[in-house]
Peer 1: 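Dumping the structure here so I can ask a few things about it.
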Protein chains: 2
Amino acid sequence: MVQYLQKMIPNKELLQERLAAVIHRLREQGYRLTPQRMAIVQAVLESPDHPSAEEIYQLVSAVFPMISLATVYKTLEVLKDLGEVVELPVEGRTRYDGNLQPHIHLICERCHTVIDWSDGAISFPEEAITASGFRPHHYRLEVHGLCPRCVAETSAPAPTDRAP
Amino acid sequence: MVQYLQKMIPNKELLQERLAAVIHRLREQGYRLTPQRMAIVQAVLESPDHPSAEEIYQLVSAVFPMISLATVYKTLEVLKDLGEVVELPVEGRTRYDGNLQPHIHLICERCHTVIDWSDGAISFPEEAITASGFRPHHYRLEVHGLCPRCVAETSAPAPTDRAP
DNA sequence: CTGTGTGCAAATTATTTGCAACCCT
DNA sequence: AGGGTTGCAAATAATTTGCACACAG
């Protein structure tokens with residue numbers, strides 16, 4: 001469990017580096033560095049929870065009471081266009097991932113937590129796919145199931161879980 | 001192109017078998033076999049396009065003009081609960097996949113076509129994930145990129161709809 | 001018969017957009 | 001100074017829900 005947290009949350013130095021890189025990237029591309037943007041970028045990068053726009057809005061609101069949800073959406077779109085965050089649709093809502101390293105998403109079907117898993121190799125017939133004429137850009141591997149916490153909480157299964 | 005279609009579309013016998021299996025499953029679980037449901041199940045299983053609810057609605061409407069979109073959603077939910085179809089979110093819309101075999105989704109970022117790729121092995125550190133306490137149920141591998149058609153057309157005007 | 005399923009419409013939820021005022025650069 | 005950016009509100013878009021009637025079992 002502690003190992004999860006270590007996997008999920010990069011240390012402070014890495015966060016600072018990444019934050020600086022994104023800020024630099026925004027400036028370099030001619031985007032204005034408003035306080036709102038800085039706060040949103042920071043919230044996305046620092047949150048290990050793959051937050052939704054609404055959740056980012058809540059996080060930023062704590063420091064920036066006047067911010068609007070529309071601004072959050074617009075900034076997330078900018079970050080997405082720059083390739084600095086990736087969208088992750090979970091149960092009908094879009095969540096955001098600022099982790100650019102290839103990794104697996106462990107998605108809990110019960111509590112909808114998303115855990116980043118970065119250890120071990122992933123392989124699939126990429127050459128054959130490329131040979132077919134498809135041009136891969138990036139891939140995403142999601143493992144759906146139950147997180148450890150929910151495994152524990154469902155070990156005594158309720159008898160009333162099926163109803164036609 | 002034709003090779004894709006062969007990969008994507010199971011032959012008629014397999015479709016019939018699968019259709020019968022799902023029908024049987026519905027009956028067995030106590031669901032009523034209404035003509036609407038039959039038509040929706042058939043549409044999902046026979047469409048190789050990973051259709052959205054709206055598209056399934058259009059397909060079924062051709063034969064069943066009085067059907068409602070709500071009924072389509074409700075039936076899809078039943079099929080999802082039974083595990084007979086899987087949801088596939090693409091660019092903010094939920095699409096449905098009746099192919100239960102493990103396979104890769106090749107998703108075109110330009111025309112949003114989804115191609116099923118069933119050849120070759122997929123591997124990832126499933127044991128380590130399981131050992132961590134996470135209980136995997138199923139996984140999904142998406143390869144995002146450009147489909148052959150869109151690779152060829154990258155200098156042509158973008159289409160407004162998915163490729164046929 | 002009995003209650004599940006259907007169809008319609010209204011409600012909900014997520015996201016986008018138009019626009020006037022604002023403020024980085 | 002000037003155009004990108006913000007915040008508000010209204011507009012879309014997708015999906016869900018409530019309810020009266022229909023029909024499968």
Side-chain angles (χ1 to χ4, degrees), chain A residues 22-41 43-44 50-58 60-61 63-82 85-96 112 162-164, chain B residues 22-44 50-58 60-82 85-96 112 160-162:
Chain A
V22 175
I23 303 271
H24 180 263
R25 188 84 194 293
L26 282 167
R27 180 170 343 213
E28 163 184 88
Q29 296 291 323
Y31 291 99
R32 290 190 185 165
L33 298 183
T34 66
Q36 290 93 327
R37 268 188 189 156
M38 309 274 262
I40 293 166
V41 170
V44 181
H50 309 77
S52 65
E54 177 69 37
E55 289 164 335
I56 294 164
Y57 171 66
Q58 298 296 341
V60 177
S61 291
V63 180
F64 239 101
M66 293 308 293
I67 197 150
S68 80
L69 192 48
T71 298
V72 173
Y73 276 109
K74 286 167 187 168
T75 297
L76 287 171
E77 168 134 40
V78 167
L79 293 173
K80 180 180 54 168
D81 290 347
L82 288 180
V85 302
V86 166
E87 292 187 337
L88 177 65
V90 179
E91 50 133 10
R93 13 160 71 54
T94 303
R95 289 162 68 174
Y96 296 85
H112 308 116
R162 168 144 312 286
Chain B
V22 176
I23 303 272
H24 180 264
R25 188 83 194 293
L26 282 168
R27 177 168 349 209
E28 165 184 85
Q29 295 291 322
Y31 291 100
R32 290 191 184 167
L33 298 182
T34 65
Q36 290 92 327
R37 270 187 187 157
M38 309 274 262
I40 292 166
V41 171
Q42 187 172 3
V44 180
H50 308 78
S52 64
E54 176 69 37
E55 288 164 337
I56 293 165
Y57 171 67
Q58 298 296 341
V60 177
S61 291
V63 179
F64 239 101
M66 293 308 293
I67 197 151
S68 80
L69 191 48
T71 297
V72 174
Y73 275 109
K74 286 166 186 166
T75 297
L76 288 171
E77 169 133 40
V78 167
L79 294 174
K80 181 180 53 167
D81 289 347
L82 288 180
V85 302
V86 167
E87 293 187 335
L88 177 65
V90 178
E91 49 135 12
R93 323 166 53 81
T94 302
R95 288 162 69 174
Y96 295 86
H112 308 115
T160 52
D161 207 349
R162 171 173 340 150

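Just so it is clear: chains get the letters A, B, ... in the order the sequence lines come, proteins before strands, and each one is counted from 1. Note that these values count all heavy atoms, side chains included, but never hydrogens, waters or copies made by symmetry. The model shown is predicted, which means the values in this text are computed figures rather than measured ones.
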Peer 1: In whole angstroms, how far is the P atom of C:dC23 from the CE atom of A:Met66?
Peer 2: 11 Å
Peer 1: Contact list please: residues 67-80 of chain B against DNA chain D, heavy atoms, distance less than 4.0 Å, in numerical order.
Peer 2: B:Ala70, B:Tyr73, B:Lys74
Peer 1: Between D:dG3 and A:Arg32, counting only base atoms on the nucleotide and side-chain atoms on the residue, is there a donor-acceptor pair under 3.5 Å?
Peer 2: yes
Peer 1: Nearest 0.5 angstrom please: A:Glu87 CD to A:Glu77 CD, how far?
Peer 2: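 Output value for this atom pair is 8.0 Å.
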Peer 1: When the distance from OH of B:Tyr57 to P of D:dT15 is rounded to whole Å, what number comes out?
Peer 2: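 After rounding, the gap between these two atoms is 15 Å.
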Peer 1: Round to a whole Å and report the spacing from CD of A:Glu28 to P of C:dC24.
Peer 2: 22 Å
Peer 1: In whole Å, what is the span from the CZ atom of A:Phe64 to the P atom of C:dC23?
Peer 2: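 After rounding, the reported distance stands at 10 Å.
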Peer 1: With a 4.5 Å cut-off on side-chain heavy atoms, are A:Gln36 and A:Lys74 touching?
Peer 2: no
Peer 1: Can you measure A:Ile23 atom CD1 to C:dC24 atom P for me and round it to whole angstrom units?
Peer 2: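 Computing the A:Ile23:CD1 to C:dC24:P distance gives 14 Å.
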Peer 1: Tell me the interatomic distance from B:Arg37, atom CZ, to D:dA24, atom C1', rounded to whole angstroms.
Peer 2: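 It is 10 Å, rounded to the nearest whole Å.
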Peer 1: Below 4.5 Å, heavy atoms only, C-beta onward: do A:His50 and A:Tyr96 meet side chain to side chain?
Peer 2: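 A:His50 vs A:Tyr96: side chains apart.
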Peer 1: So, does B:Gln36 get its side chain near the phosphate of D:dC23, meaning an N or O under 4.0 Å from OP1 or OP2?
Peer 2: no
Peer 1: Would you mind checking if B:Arg25 and B:Glu28 are paired as a salt bridge, meaning a charged N to carboxylate O distance below 4.0 Å?
Peer 2: yes
Peer 1: Return the value, rounded to whole Å, for the distance between atom CE of B:Met38 and atom P of C:dT4.
Peer 2: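 Checked: the CE to P distance equals 20 Å.
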Peer 1: What are the two closest heavy atoms between A:Ala43 and A:Val60, and how far apart are they?
Peer 2: CB-CG2, 3.9 Å
Peer 1: Step through the shown structure and confirm whether more than 12 heavy atoms of other residues, nucleotides or ligands are within 6.0 Å of NE2 on B:His24.
Peer 2: no
Peer 1: Given side chains that start at C-beta, do those of B:Val22 and B:Leu82 come closer than 4.5 Å, heavy atoms only?
Peer 2: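 Contact flag for B:Val22/B:Leu82 side chains = no.
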Peer 1: When the distance from CD of A:Glu91 to P of C:dT12 is rounded to whole Å, what number comes out?
Peer 2: 19 Å
Peer 1: Which part of the nucleic acid, if any, lies within contact of A:Ser52, taking any heavy atom under 4.0 Å across all strands shown: a base, the sugar-phosphate backbone alone, or nothing?
Peer 2: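 No contact.
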Peer 1: Check whether any side-chain N or O of B:Thr34 sits under 4.0 Å from OP1 or OP2 of D:dC23, and answer yes or no.
Peer 2: no
